[in-house]
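Structure record follows, encoded as structure tokens.
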Amino acid sequence: MRPARRPGARGPASSSSPPGPRSLWDKVVAWFVGDGDVKSKLASLGFAAMLSYSVVSNVTYGAALTFSWIGFVKAKGVSPIAEGQWPAFLAFYAGAWMVQNFARPMRFGMAMAMTPWYDNLLANMAATLRVSKRFAFGIALSVMAFGMPVFLGSAIYLLGGLPDGLGPLPPLKRF
């Protein structure tokens, strides 16, 4: 008698494969690496998955960079791009970067949850602009590539990430 298959499972059920990770190390590896089927899932989701992960990743890394920049300016009183400050800022930012790497599975999960929304966005863009979905993907990436640095630079300036008197605009009363 053959073992029963799970609903939606592909292929015959196998009694030789383990039901899941058993040791703590196996659970940690499974959390970061996944079940090996991630590449095929991403390939089937296509441009929307790539766009979704790009947005989530850029927003989280951008937020980490912005908060690190502002924290550095508040702690040191000088901009990270002032002469001799870049190595100190990189050490300051390293902690935020490390947290971002540990949060990668959560970012991936969030991006995959948002993929259907981005798929609809790309389909609507393609239909509205009368272009292919691939071209709509290029437009969306271009908008993100332009908009993200503008948004982050504005956030750094407006939230006090530049010492008073530094920058193209006069000092503001900031938060």
Side-chain angles (χ1 to χ4, degrees), residues 3-14 17-21 26-71 80-81 89-90 93-159 161-162 167-169 175:
R5 283 185 14 179
R6 295 185 322 239
R10 294 182 188 145
S14 171
S17 65
D26 288 340
K27 289 178 183 179
V28 169
V29 169
W31 173 257
F32 284 100
V33 177
D35 61 359
D37 196 30
V38 173
K39 286 184 183 178
S40 64
K41 287 177 186 174
L42 274 176
S44 71
L45 295 171
F47 291 126
M50 290 174 57
L51 181 62
S52 179
Y53 187 77
S54 296
V55 170
V56 169
S57 183
N58 284 340
V59 166
T60 57
Y61 273 111
L65 177 66
T66 301
F67 292 131
S68 296
W69 188 288
I70 292 168
I81 56 175
F89 171 71
L90 291 179
Y93 176 65
W97 181 82
M98 193 177 337
V99 169
Q100 288 296 318
N101 277 321
F102 283 114
R104 186 180 310 243
M106 289 182 284
R107 285 196 332 259
F108 183 78
M110 186 184 314
M112 292 307 102
M114 294 170 58
T115 295
W117 186 84
Y118 281 101
D119 194 36
N120 288 337
L121 174 78
L122 290 175
N124 289 337
M125 280 179 66
T128 301
L129 300 173
R130 295 186 179 109
V131 297
S132 68
K133 202 169 184 179
R134 178 178 290 217
F135 196 78
F137 173 71
I139 292 171
L141 282 183
S142 299
V143 168
M144 186 177 67
F146 175 76
M148 189 66 68
V150 169
F151 176 76
L152 293 176
S154 299
I156 287 171
Y157 183 76
L158 293 173
L159 294 174
L162 297 175
L169 301 174
F175 304 106

Within a strict 4.5 Å, meaning less than it, do heavy atoms of the [X] and [Y] side chains meet?
X: K133; Y: M125; value: no
X: Y61; Y: S57; value: yes
X: I156; Y: F67; value: no

Q. So, the side chain of N124 versus the backbone of N120: is there a donor-acceptor pair under 3.5 Å, distance only?
A. yes

If I compare all heavy atoms of [X] with all of [Y], which pair ends up nearest, and what's the gap?
X: L122; Y: A140; value: CD2-CB, 4.3 Å
X: A155; Y: I70; value: O-CD1, 4.3 Å
X: Q100; Y: R107; value: O-NH1, 2.6 Å

Euclidean distance, [Y] [atom2] relative to [X] [atom1], rounded to 0.5 Å:
X: I81; Y: F89; atom1: CD1; atom2: CZ; result: 10.5 Å
X: N58; Y: L152; atom1: CG; atom2: CG; result: 8.5 Å
X: T115; Y: L51; atom1: OG1; atom2: CG; result: 9.0 Å

Q.
If the condition is side-chain contact (heavy atoms from CB on, under 4.5 Å), which residues does M114 pass it with, not counting sequence neighbours?
A. S52, V56, M110, Y118

Q: Tell me, please, which residues at least two apart from Y93 pass side-chain hydrogen bond (donor to acceptor under 3.5 Å, both in side chains).
A: none

Q: Test side chain to side chain contact (heavy atoms under 4.5 Å, CB included) on M148 and V59 and set out the steps.
A: CA-CA 8 Å; M148 189 66 68; V59 166; 3.8 Å; yes

